[in-house]
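What follows is one structure encoded as structure tokens, with my remarks underneath.
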Amino acid sequence: MKSSVLTRYRVMAYVTAVMLLILCACMVAKYGFHTGKDLTFAVSQAHGVLYIIYLVFAFDLGSKARWPFGKLLWVLVSGTIPTAAFFVERKVVRETLPLVEDARPVPAKV
């Protein structure tokens with residue numbers, strides 16, 4: 001597996017997690033303080049689009065790493081639970097890093 005597959009997943013996991021936290025803050029402002037209705041709409045739309053991209057990249061990584069369905073489902077759902085994507089991303093990287101071709105150092109030719 002190429003390292004770019006893991007890198008794409010990592011970037012989108014962080015972006016999706018941060019956008020979800022921003023969306024939660026906007027929802028508190030909207031429903032708790034009755035302000036920021038338009039901002040909440042814009043952030044929710046952006047998170048939705050970014051989450052779809054996250055799904056594609058996570059599914060790509062999962063299919064190349066040959067994860068079982070349960071693990072793939074947990075990784076896909078973690079983009080909808082605030083802060084879960086941060087923890088799941090770290091675990092996924094630890095588990096899939098040995099599968100990356102470019103992760104092993106190449107011995108020097110003498």
Please list, chain by chain and in numerical order, all residues satisfying ring pair (Phe, Tyr, Trp, His ring centres under 6.0 Å) with Tyr14, sequence neighbours excluded.
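Result, ring pair (Phe, Tyr, Trp, His ring centres under 6.0 Å) vs Tyr14: Phe86.
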
Please report the interatomic distance [atom1]([X]) to [atom2]([Y]), rounded to the nearest 0.5 Å.
| X | Y | atom1 | atom2 | result |
| --- | --- | --- | --- | --- |
| Gln45 | Leu50 | CD | CG | 11.5 Å |
| Trp74 | Lys91 | CH2 | NZ | 9.5 Å |
| Lys2 | Arg8 | NZ | CZ | 9.5 Å |
| Arg66 | Leu99 | CZ | CG | 10.0 Å |
| Arg90 | Arg10 | CZ | CZ | 9.5 Å |

field: Heavy-atom pair of closest approach, residues Leu72 and Ala58
entry: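 So the two residues come closest at CD1-O, 3.9 Å.
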
Could you report the tightest heavy-atom contact between Val77 and Thr80, atom names first, then the distance?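 For Val77 versus Thr80, the nearest heavy atoms are O-OG1, 2.6 Å.
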
If you look only at distance, which donor and acceptor atoms sit under 3.5 Å apart when one is on a side chain in residues 16-33 and the other is two or more places apart or in another chain?
from: Thr16; atom 1: OG1; to: Met12; atom 2: O; distance (Å): 2.7

[X], [Y]: one ILVMFWY side-chain cluster at the under-4.5 Å cut-off?
| X | Y | value |
| --- | --- | --- |
| Val75 | Leu73 | yes |
| Leu76 | Ile52 | no |
| Ile53 | Ile81 | yes |

- Compare all side-chain heavy atoms of Leu61 with those of Trp67 and state whether any distance is below 4.5 angstrom.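 Yes, side chains in contact.
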
Exercise for review: Quick one: which residue pairs count as a side-chain hydrogen bond (donor to acceptor under 3.5 Å, both in side chains) with a foot in residues 48-58, not counting sequence neighbours?
Suggested key: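 Qualifying pairs: Tyr54-Ser78.
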
